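One structure is given here, and the rest of the page talks about it.
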Amino acid sequence: MSAQADTGSRHISAYTGRVPQSIKLTYAVGTAAEAIIGVAFNFFNFFFYTNILGVSGTMVGLAIAIALVFDAVSDPLVGAISDRWRSKWGRRHPFMFAAPVPVMICLFLIYSPPESLESFGLFLWLTILSVIMRTSITLFNVPHLALGAELSADFTERSRVMSVTALFGAVGAFGFAYIAYTYFFVSSPEYSNGMLDPSAYVSLAIFAASTGGLMMLLSTVCTMHLIPRLPVVPLDLPRFTFLEFYRDCGSALKNRNFRVLLIGILLLTATTGTRETIELHVNSYFWELQPDQIRYFALAGFIGPIIGYLITARLHDRFEKKPVIIVSFIGILITAADATSLRILGFFPENHSDYLLPLLMTNFILQITFIVIWTISVMSALADVADEQELASNRRQEGILFAARSFFKKASTGFGHLLGGIAIDWIKFPVSAEPGTVDADMLVKLGLLDGPIAVIPGIIAIFFFMQYSLSRKRHGEIHAELNERHAAGDSGRSPD
């Protein structure tokens with residue numbers, strides 16, 4: 001057993017006060033890496049396999065849904081194992097080191113299928129590689145999220161950590177999207193719309209895989225010096241077994257605040273995932289935007305995270321996290337459905353109007369701002385729940401708790417691909433059609449899918465977020481009780 005394991009669980013977090021800015025930045029680099037890989041996979045593969053390769057939308061959706069089944073096991077499994085892992089590299093870093101190489105290889109292969117494969121063969125290719133890639137992402141994402149929760153125990157400082165993380169995630173996502181639309185999906189004599197060029201996706205995958213993978217390694221290496229400061233595995237905690245895994249999951253699910261956040265996030269993923277899946281269809285056909293116009297959404301997207309970064313911790317200083325979660329969530333739903341709904345009703349500028357792109361970008365900025373505020377608030381709330389869970393179970397379970405966040409982040413892709421794929425097939429949307437040639441009734445159906453229909457699960461989620469009850473006062477009491485418990489444990493431990 002390592003020296004680290006021998007010390008017992010003496011810390012709630014690495015820092016009792018402010019976390020140094022350098023630590024926040026090096027930690028957040030990992031989130032930027034995840035965002036780059038996520039955009040490369042989530043935003044483009046559905047369009048690539050359906051509109052370029054001609055695979056049925058339902059089959060593409062099913063491929064990602066199958067990977068989701070594996071995620072349902074691998075995410076909490078990695079969380080439970082890392083919660084109990086004893087090594088000289090701590091609980092989290094060994095898993096983070098294992099992730100980048102398989103992620104890079106799988107992402108490249110997803111966009112480079114053998115030319116001999118036809119529909120069912122492409123379905124199997126996408127399914128197998130998606131399972132391997134998403135499981136590999138779990139090895140990084142779950143321990144990385146848990147590491148973020150372990151940096152600070154302060155109610156508001158956690159929000160500051162998550163604010164920097166959200167900002168870096170946005171920089172990674174929108175920066176990569178802008179590069180993709182500007183340098184990869186450019187028009188050519190053969191393809192006036194660069195989104196229809198198959199070779200662009202291969203080049204994009206190489207760039208995303210190499211950039212994202214190297215950034216994962218950088219974040220892992222640059223946070224290794226924190227290992228001696230981080231919470232460690234208690235001496236009396238049994239090693240991992242599947243029985244202990246079952247008990248860990250059951251213990252976490254007994255926590256009411258965890259359950260309501262979990263269900264609310266799940267319902268939101270059905271909304272966001274569906275919209276992400278058909279986003280390229282909506283931008284290319286419903287709004288008839290070219291890639292050189294779509295890229296401006298990536299630039300506009302930087303504004304929302306900056307606003308969220310600047311104000312969320314201040315909101316948490318003034319208000320409880322619960323109302324911030326609910327109000328920002330309602331903002332997400334409104335900005336998700338308003339533009340397409342107003343167009344269908346005849347109250348939005350026509351395509352190619354000078355007012356169309358500025359209005360869409362303004363709405364997008366508002367939506368991203370609400371998303372960032374909501375994400376920071378929920379991630380900070382989950383870190384608070386980890387303290388509540390330790391008080392109830394006498395063990396740190398950040399891995400299990402944040403495995404849920406990792407799972408539902410990927411669930412948005414799984415549910416979205418499945419629902420979006422079925423919907424695209426149901427309305428019989430044409431394959432490889434030129435923008436401007438699709439029937440108007442078909443476009444109305446596409447707009448309804450993107451707006452009013454997609455937000456229905458999100459509306460239901462509001463009820464569950466309203467049940468969250470962990471307040472600032474109660475968290476302060478929990479923190480004080482944990483400090484007393486740890487102090488008593490240390491005083492009763494024999495000196496080395």
Side-chain angles (χ1 to χ4, degrees), residues 38 42 46 61-62 64-69 71-73 75-76 79 134 141-142 145 162 166 249 252-279 282 321-338 340-341 366-382 384-385 400-423 426 448-470:
N42 299 347
F46 184 82
L62 181 60
I64 308 303
I66 290 173
L68 180 63
V69 174
D71 284 337
V73 176
D75 283 23
R134 289 162 66 99
N141 193 27
V142 172
L145 287 170
M162 298 307 172
C249 291
L253 288 172
K254 288 179 181 177
N255 187 299
R256 183 174 180 274
N257 286 311
F258 178 62
R259 287 200 311 272
V260 297
L261 288 177
L262 199 67
I263 298 171
I265 295 170
L266 173 61
L267 290 166
L268 175 62
T269 61
T271 291
T272 58
T274 301
R275 298 189 72 248
E276 286 178 359
T277 299
I278 63 175
E279 181 176 0
V282 173
K321 292 175 184 177
K322 176 180 175 177
V324 177
I325 289 173
I326 294 172
V327 172
S328 60
F329 188 78
I330 292 172
I332 293 172
L333 299 182
I334 292 173
T335 52
D338 57 357
T340 50
S341 299
L366 290 172
Q367 183 180 25
I368 295 302
T369 301
F370 286 126
I371 288 174
V372 170
I373 294 171
W374 178 85
T375 301
I376 294 170
S377 301
V378 169
M379 295 289 283
S380 184
L382 278 173
D384 296 338
V385 170
I400 282 285
L401 298 178
F402 278 87
R405 175 68 183 99
S406 172
F407 169 67
F408 289 121
K409 184 178 180 181
K410 291 186 287 186
S412 68
T413 312
F415 286 133
H417 275 61
L418 183 58
L419 296 175
I422 292 172
W426 175 63
L448 289 172
L449 291 175
D450 180 63
I453 295 176
V455 300
I456 292 173
I459 293 172
I460 300 172
I462 295 173
F463 168 79
F464 291 94
F465 289 130
M466 291 178 66
Q467 309 307 308
Y468 181 75
S469 62
L470 186 52

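Numbers here simply count residues along the sequence, with the first being 1. These figures come from a predicted structure and were not determined experimentally.
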Taking atom [atom1] of [X] and atom [atom2] of [Y], what is their separation to the nearest 0.5 Å?
{"X": "Ile376", "Y": "Lys321", "atom1": "CD1", "atom2": "NZ", "result": "11.0 Å"}
{"X": "Leu333", "Y": "Ile462", "atom1": "CG", "atom2": "CD1", "result": "5.5 Å"}
{"X": "Glu279", "Y": "Thr272", "atom1": "CD", "atom2": "OG1", "result": "11.0 Å"}
{"X": "Ile265", "Y": "Thr375", "atom1": "CD1", "atom2": "OG1", "result": "9.0 Å"}
{"X": "Ile371", "Y": "Leu366", "atom1": "CD1", "atom2": "CG", "result": "11.0 Å"}
{"X": "Asp450", "Y": "Glu276", "atom1": "CG", "atom2": "CD", "result": "11.0 Å"}

Testing the basics here: between [X] and [Y], what is the closest heavy-atom pair and its distance to 0.1 Å?
{"X": "Ser380", "Y": "Met162", "answer": "N-CG, 4.0 Å"}
{"X": "Gly331", "Y": "Thr335", "answer": "O-OG1, 2.8 Å"}
{"X": "Gly264", "Y": "Ala461", "answer": "O-CB, 3.6 Å"}

- Message: When you measure from the side chain of Thr274 to the backbone of Thr271, do you find a donor-acceptor pair of N or O atoms at a distance under 3.5 Å?
- Response: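 Looks like no, no N/O pair under 3.5 Å.
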[Y] side chain reached by [X] side chain, heavy atoms, under 4.5 Å:
{"X": "Pro457", "Y": "Leu268", "answer": "no"}
{"X": "Val282", "Y": "Arg275", "answer": "no"}
{"X": "Thr340", "Y": "Leu449", "answer": "no"}
{"X": "Phe465", "Y": "Val260", "answer": "no"}
{"X": "Phe258", "Y": "Leu382", "answer": "yes"}
{"X": "Thr277", "Y": "Ile64", "answer": "no"}

- Identify, with sequence neighbours excluded, every residue that meets side-chain contact (heavy atoms from CB on, under 4.5 Å) alongside Ile456.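 Expected list: none.
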- Trace of the side chain to side chain contact (heavy atoms under 4.5 Å, CB included) decision for Ile422 with Leu62: CA-CA 9 Å; Ile422 292 172; Leu62 181 60; over 6 Å; no
Could you go through residues 322-330 and list every donor-acceptor pair under 3.5 Å that involves a side-chain atom there, pairing it with any protein atom two or more places apart or in another chain?
| residue | atom | partner | partner atom | Å |
| --- | --- | --- | --- | --- |
| Lys322 | NZ | Met466 | O | 2.6 |
| Lys322 | NZ | Tyr468 | O | 3.3 |
| Ser328 | OG | Val324 | O | 2.7 |
| Ser328 | OG | Ile325 | O | 3.1 |

